[in-house]
Each structure stands twice: as structure tokens, then as C-alpha cells.
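When a residue number appears, it is its place in the shown sequence, counting from 1. Only heavy atoms go into these numbers, but all of them, side chains included; no hydrogens, no water, no symmetry mates.
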Amino acid sequence: MCRYAAFLRGINVGGHRVKNSELGALFEAMGLADVYTFRASGNVIFRSDSEQPSELSERIEAALEQSLGYGVPTFLRSAEEFHQIALAEPFAAEHVEASAGRLQVAMLETPPATSVREQVLALASDDDRLAFGERELYWLPSGGMLESALELKLIEQLLGPMTLRTKNTIEQIAARHFS
């Protein structure tokens, strides 16, 4: 069985409330094994048979929509992909240390085209540093997210649906479930 992390968009925001126990039960009802939830923001760790990741993601999205009554974009990462994200250091240590903001990881559905990457990176500044992983956009704001001038809506228009997690959350999940 393969180990995965699913990052769900729209869980416990905008009036959509789902308890971790309910979310875990939904994943177990899909036949997924060793299900763990982390925090109340739609982070689910589990094991699955040899099903293709794209098919698995579609199956999860369909089951969640049927159970919850609304669409839940799902960003799936294998254990190997997850390790790469957790170990990534996309910015110089001095920039991270000097920042009052928290390093953010935007999970993307697919790797963006080179031209799209260039358009997004052109929006970066010294106050809002950006870097790409394979299917991730790393964002280091100089302060709080709400204080940022970065055009997240434009970035999402360019990249497609995404969901944000702090790098600290990623590292905590890695330490607890992918060590």
C-alpha cells in the first residue's frame, strides 16, 4: 500500500464545518487505510492500494462532494513527493530568518507551464518572495498574509486551484506520519 497526504481546500472555512473524526470516517468509508487527520484544516494522511494517484484524487473528490454536499478540491501527494516538500528550502536562510511572515506552501494540481511560472514569479518582490517546486508554489511574505500586497487571486487565475499550508504544518506532518 502507498502512503499519501491529501490537502483539502475549503474545509472549515466559509461556513463549511467538518470535524476531524467525520473527515477520517469519510476516508475510511472510501476503503482507505491508516487514516489520520492533522489539524482542522483538511490535512488527511492515509494508505491506499495501487490505484493511480489521479484516479484516487478524483475518487476522493467525488466521495467528499457526495457526502458533504459541496466540491472539495483535493491535492494529493505521495510519500516521496511529501518528503521533497518537507525538505525543500526554496529561500536563503537569511531571508527566512529576517521575515516576520510564515513560509507558505501552495499545493497545485499540476506542474505549471514555464510561461505561467514566469508570469507568477514576475509578481514577486522583496516583501513577497516566490519560488516553485514541482507542483508547489512557495511564498515567503515579509509580514502577515493579510498585510501582503501579493495578488493571490491573480496567481490563482494563472495557476488554477490551489490550497495553502504553512511549511511548519508540512514539517510537523512529515515528522509524525512520514518519518
Exercise. Can you tell me how far CZ of Arg59 sits from OG of Ser48, rounded to the nearest 0.5 angstrom?
Worked result: 6.0 Å
For this session: Apply side-chain contact (heavy atoms from CB on, under 4.5 Å) to the pair Phe7 and Leu164, showing each step before the final yes or no.
Result: CA-CA 9 Å; Phe7 300 94; Leu164 286 170; over 6 Å; no
Exercise. Does atom CD of Glu80 have more than 12 heavy-atom neighbours from other groups under 6.0 Å away?
Worked result: no
Seminar exercise, completed: residues 143-152 vs side-chain hydrogen bond (donor to acceptor under 3.5 Å, both in side chains), sequence neighbours excluded, gives Asp128-Ser148
Problem set entry | Main-chain N/O of Met162 paired to Arg9 side chain as donor or acceptor, under 3.5 Å | yes
Exercise. Counting distance only, does the side-chain N/O of Arg135 pair as donor-acceptor with the main-chain N or O of Leu76 below 3.5 Å?
Worked result: yes
Exercise. Are Leu137 and Phe91 connected, step by step, through hydrophobic side chains (Ile, Leu, Val, Met, Phe, Trp, Tyr) whose heavy atoms are closer than 4.5 Å?
Worked result: no
For this session: With rounding to the nearest 0.5 Å, note down the distance linking CG in Leu158 to CD in Glu118.
Result: 12.0 Å
Exercise. Above 12 or not: heavy atoms from other molecules or residues under 6.0 Å from CD of Glu22?
Worked result: yes
For this session: Treating Ile, Leu, Val, Met, Phe, Trp and Tyr as nodes and any side-chain heavy-atom pair under 4.5 angstrom as an edge, say whether Leu32 and Leu8 lie in one connected cluster.
Result: yes
Exercise. Between Thr166 and Thr169, does any side-chain donor sit less than 3.5 Å from a side-chain acceptor?
Worked result: yes
For this session: Just do the side-chain contact (heavy atoms from CB on, under 4.5 Å) check on Phe178 and Arg3 with the steps written out, would you?
Result: CA-CA 8 Å; Phe178 289 93; Arg3 192 153 186 79; 3.5 Å; yes
Exercise. Hey, does Gln172 have a side-chain heavy atom less than 4.5 Å from the side chain of Phe38?
Worked result: yes
Exercise. To the nearest 0.5 Å, what is the distance between CD (Glu28) and CG (Asp34)?
Worked result: 9.0 Å
Exercise. Same cluster for Leu103 and Val120 if Ile/Leu/Val/Met/Phe/Trp/Tyr side chains link at under 4.5 Å?
Worked result: no
Problem set entry | Contact summary for Gly42 and Leu23, nearest pair of heavy atoms | CA-CD2, 4.2 Å
Problem set entry | Straight-line distance of Leu26 CG to Ser67 OG, nearest 0.5 Å | 4.5 Å
Problem set entry | Shortest non-hydrogen contact from Pro90 toward Tyr138 | CG-CG, 3.5 Å
Exercise. Are the side chains of Phe75 and Pro161 in touch, meaning some heavy atoms are under 4.5 Å apart?
Worked result: yes
Problem set entry | Transitive ILVMFWY side-chain link Met145 to Leu154, under 4.5 Å | yes
Exercise. Is Glu171 salt-bridged to Lys167, cutoff N-O under 4.0 Å?
Worked result: yes
Seminar exercise, completed: ring-ring contact (aromatic ring centres under 6.0 Å, His included) pairs touching residues 105-137, sequence neighbours excluded, are none
Problem set entry | Whether Tyr36 and His177 hold their rings parallel, tilted or perpendicular, with breakpoints at 30° and 60° | tilted
For this session: For the pair Leu150 and Trp139, evaluate side-chain contact (heavy atoms from CB on, under 4.5 Å) and give the outcome as yes or no after the intermediate values.
Result: CA-CA 10 Å; Leu150 189 65; Trp139 170 32; 3.4 Å; yes
Problem set entry | Hydrophobic cluster identity match, Val105 and Leu121, side-chain contacts under 4.5 Å | no
For this session: Drop me the distance from Leu108's CG to Thr110's OG1, to the nearest 0.5 angstrom.
Result: 7.5 Å
Exercise. Would you say Glu136's side chain and Ala106's backbone share a donor-acceptor pair under 3.5 angstrom?
Worked result: no
Exercise. Sub-3.5 Å donor-acceptor pair from the side chain of Glu81 to the main-chain atoms of Ser78, do we have one?
Worked result: yes
Seminar exercise, completed: Sorted by chain and residue number, the ring-ring contact (aromatic ring centres under 6.0 Å, His included) partners of Tyr4 (sequence neighbours excluded) come out as Phe46
Problem set entry | Arg17 side chain vs Asn12 backbone, donor-acceptor pair below 3.5 Å | yes
Problem set entry | Within-4.5 Å side-chain heavy-atom neighbours: His95 and Leu140 | yes
For this session: Taking all non-hydrogen atoms of both residues into account, name the closest pair between Ala86 and Ala174 and its distance.
Result: CB-CB, 3.7 Å
Problem set entry | Side chain to side chain, Ile60 and Met30, heavy atoms closer than 4.5 Å | yes
Exercise. Between Arg165 and Asn43, is any side-chain donor less than 3.5 angstrom from a side-chain acceptor?
Worked result: yes
For this session: Check the surroundings of atom CZ in Arg117: do more than 12 heavy atoms from other residues, nucleotides or ligands lie under 6.0 Å from it?
Result: yes
For this session: Mind checking the CE-CG spacing from Met1 to Asp49? Nearest 0.5 Å is all I need.
Result: 4.0 Å
Problem set entry | Leu130 vs Ile155, side-chain contact (heavy atoms from CB on, under 4.5 Å): CA-CA, chis, key distance, verdict | CA-CA 11 Å; Leu130 298 172; Ile155 289 174; 4.3 Å; yes
Problem set entry | Ile45 side chain near Val35 side chain, heavy-atom distance below 4.5 Å | no
Exercise. Are Gln84 and Arg77 linked by a side-chain donor-acceptor pair shorter than 3.5 Å?
Worked result: no
For this session: Could you tell me whether the side chain of Phe82 reaches within less than 4.5 Å of the side chain of Ile173, counting heavy atoms only?
Result: yes
